[in-house]
Amino acid sequence: MGHVDLQPSSFISDFLLQTGGVAVIDGGLATELERHGADLNDPLWSAKCLLSSPHLIRTVHLDYLEAGADIIITASYQATIQGFEARGFSRGESEALLRKSVEIACEARKMYYDRCIEFACDDSEDGRILKHRPILVAASVGSYGAYLADGSEYSGIYGDEITVETLKDFHRRRVQILADAGADLIAFETVPNKLEAQAYAELLEEENIKIPAWFSFNSKDGVHVVSGDSLLECVSIAESCKKVVSVGINCTPPRFIHGLILSIKKVTTKPILIYPNSGESYDPEQKEWVQKTGVSVEDFVSYVNKWCEVGASLVGGCCRTTPNTIRAIYRTLSNNRSATASLKS
Ligand SMILES: [Zn+2]
């Protein structure tokens with residue numbers, strides 16, 4: 001994107017200088033695609049829209065940019081060469097679909113910049129944020145468990161036959177394709193266990209991946225990652241990998257985040273990222289979220305400044321959060337930033 005130094009060590013710190021100290025990550029992509037009517041009950045989940053409705057993915061990215069997101073995450077979470085091949089696509093077609101996820105996000109960013117020029121004001125009357133600013137496209141990589149679509153994404157239990165090598169072989173080509181497709185970084189999201197974190201770290205080094213990455217783990221008890229592995233050991237893997245520029249937590253209930261940031265801080269010097277889900281519980285049998293079990297946008301946002309005070313530098317939302325959540329995060333952070341600026345002046 002041209003504004004950020006490509007040295008992994010300063011990539012995020014340079015970006016954060018330009019965003020005023022904290023960057024806003026987008027909200028749930030699959031959630032928003034469903035809200036627009038997409039049926040994602042499919043092994044490809046949100047990646048199904050790469051086949052059926054790419055324009056909808058672009059619209060959702062644009063909605064998040066207009067809600068104030070500085071980073072948008074591509075629709076490749078559950079897009080894998082193996083998954084597309086199982087649907088009858090050739091190897092070449094499957095790779096093209098992965099690239100397409102990045103191209104769609106880049107197109108949305110271009111359209112957004114065009115709108116900023118057209119409107120030439122920071123806030124439009126209808127509440128859209130149209131402010132020219134550096135925007136990063138993060139290429140999503142979901143776990144092996146997400147590809148399996150059998151619940152192991154939230155158990156992190158893969159069985160003894162799955163090793164670091166199996167996982168590296170599973171992700172290798174996908175990561176290479178996404179890294180060469182024009183994304184600014186790779187978002188390894190919802191990482192459920194230590195084995196997969198290790199596989200990602202080794203792949204980044206061994207394959208000489210040219211763009212930086214973030215590692216984002218999920219937790220369901222506020223202490224461990226979902227498999228039960230030690231969060232501190234998982235974060236330490238990210239900490240030792242030079243290509244990893246940020247580490248944190250996603251798709252985890254907001255009530256656990258404060259404690260998780262305090263733990264992560266003990267083992268990392270890298271900027272910490274946080275994009276929780278709405279706190280609603282997920283019913284793996286029914287494959288749906290249980291409505292009204294989560295927190296309101298107001299409650300979610302009331303946590304945000306506290307998360308930043310204790311050390312989060314990138315904040316957004318995951319499943320069941322929407323552009324409204326992101327707009328509220330943007331506004332609370334801008335209020336906070338201008339309050340800090342006036343205190344200093
Ligand atoms: Zn999620």
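Ligands are counted one by one from 1 in listed order, and the atoms in each one are counted from 1 as well.
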For residues Tyr200 and His171, establish whether the separation of their ring centroids is below 6.0 Å.
yes
Just the protein N/O/S atoms under 2.8 Å from the Zn ion (ligand 1), please, no waters.
Cys251 SG, Cys318 SG, Cys319 SG
Is the gap between the ring centers of Trp45 and Tyr147 under 6.0 Å?
no
Does the cation-pi check pass for Arg255 over Tyr303, that is, NZ or CZ under 6.0 Å from the six-membered ring centre and within 45° of its axis?
no
Could you please spell out the steps behind the ring-ring contact (aromatic ring centres under 6.0 Å, His included) verdict for Trp307 and Tyr275?
CA-CA 11 Å; Trp307 296 336; Tyr275 53 112; over 10 Å; no
Could you measure the distance from the CZ atom of Arg128 to the OH atom of Tyr112? Nearest 0.5 Å is fine.
9.5 Å
Let me confirm one number: the CD-CD1 distance from Glu239 to Ile264, rounded to the nearest 0.5 Å.
11.5 Å
